[in-house]
Amino acid sequence: MKAKLFFIVTILLLSCSSQDDFTLAEGDSFIFGHFFGECAGEFCVETFKLTSDTLFEDTIDRYLNLENFNFVPLSIEQYDTAKSLTTKIPQQLLRRTSQTFGCPDCADQGGIIVLVNKSSLKKQYIIDLDKSAAPKYLHEFIDQVTYTINRLNEDFSKAELH
């Protein structure tokens with residue numbers, strides 16, 4: 001009886017512990033970025049690729065680009081800035097099929113792209129920056145993506161000054 005109870009408890013703990021974690025293994029990637037059409041300057045289109053150990057930036061900076069990238073590696077400090085973003089991905093988002101939320105950049109408010117490439121999970125999302133057009137469970141994630149991109153841009157600005 002004790003062995004059976006131990007087995008059941010072990011199975012329950014194992015099934016709960018890592019199912020909701022979004023971690024990047026070797027070969028996985030999480031691409032995120034923002035885009036603004038009515039904008040001028042370097043930071044209007046920013047796209048980054050996060051892997052298990054490196055952060056990359058896309059140098060093409062093409063508006064609403066979802067497939068053709070030219071990624072270059074960034075510093076370990078910039079990786080450290082972005083790596084926690086994967087812990088902010090809402091599980092409700094990952095359970096959905098690829099889709100667009102709201103009408104990103106239709107009123108010059110911009111949008112966010114999210115591309116998930118994790119073993120058999122390949123999804124893409126385009127999310128309106130106007131949170132009233134996105135489900136409530138995405139609001140904090142929108143803020144986190146925006147915050148991370150802004151922090152990375154601050155890092156770039158500081159590097160240019162030196």
Review point. Just by distance, with hydrogens left out, do Thr81 and Gln78 show a side-chain donor and acceptor under 3.5 Å apart?
Key: no

Review point. Can any side-chain N or O of Lys118 pair as donor or acceptor with the backbone N or O of Leu24 at less than 3.5 Å?
Key: no

Review point. Would the number of heavy atoms belonging to other residues, nucleotides or ligands and lying under 6.0 Å from OH of Tyr147 be above 12?
Key: no

**Study point:** Any donor-acceptor pair under 3.5 Å from His139 side chain to Ser132 backbone
**Key:** no

Exercise for review: Answer whether the closest heavy-atom distance between the side chains of Leu129 and Ile142 falls below 4.5 Å.
Suggested key: yes

Review point. Quick check: does any side chain N or O of Tyr125 sit under 3.5 Å from a backbone N or O of Leu93, one acting as donor and the other as acceptor?
Key: yes

**Study point:** Short side-chain to backbone donor-acceptor contact, Asp28 and Ser119, under 3.5 Å
**Key:** yes

Review point. So with a 6.0 Å cut-off around NZ of Lys122, is the heavy-atom count from everything else above 12?
Key: yes

Exercise for review: Check whether any side-chain N or O of Gln109 sits under 3.5 Å from a backbone N or O of Ala107 as a donor-acceptor pair, and report yes or no.
Suggested key: yes

**Study point:** Gln99, CD atom: more than 12 neighbouring heavy atoms under 6.0 Å
**Key:** yes

Revision key, fill the gap. Heavy atoms of Ala82 and Phe32 approach each other most closely as CB-CZ, 4.2 Å

Review point. With sequence neighbours left out, what residues match Lys131 under salt bridge (charged side-chain N to carboxylate O under 4.0 Å, His left out)?
Key: Asp143

Exercise for review: Could you tell me whether the side chain of Lys123 and the main chain of Leu94 form a donor-acceptor pair under 3.5 Å?
Suggested key: yes

**Study point:** Aromatic plane relationship, Phe141 with Phe30 - under 30° parallel, 30 to 60° tilted, over 60° perpendicular
**Key:** tilted

Practice item. Examine distances only and state if a side-chain atom of Asn70 and a backbone atom of Asp58 form a donor-acceptor pair shorter than 3.5 Å. Key: no

Practice item. State, to 0.1 Å, how close His34 and Phe43 come at their nearest heavy-atom pair, and which atoms those are. Key: NE2-O, 3.0 Å

Practice item. Indicate yes or no: at least one non-hydrogen side-chain atom of Phe48 is less than 4.5 angstrom from one of Ile149. Key: yes

Exercise for review: Please list all pairs passing the salt bridge (charged side-chain N to carboxylate O under 4.0 Å, His left out) test where one or both residues lie in residues 100-115, with sequence neighbours left out.
Suggested key: none

Review point. CG of Leu50 to CZ of Phe56: how many Å apart, nearest 0.5 Å?
Key: 9.5 Å

Exercise for review: Enumerate the residue pairs fulfilling disulfide bond (SG atoms under 2.5 Å apart) with a member in residues 68-100, sequence neighbours excluded, ordered by first and then second residue.
Suggested key: none

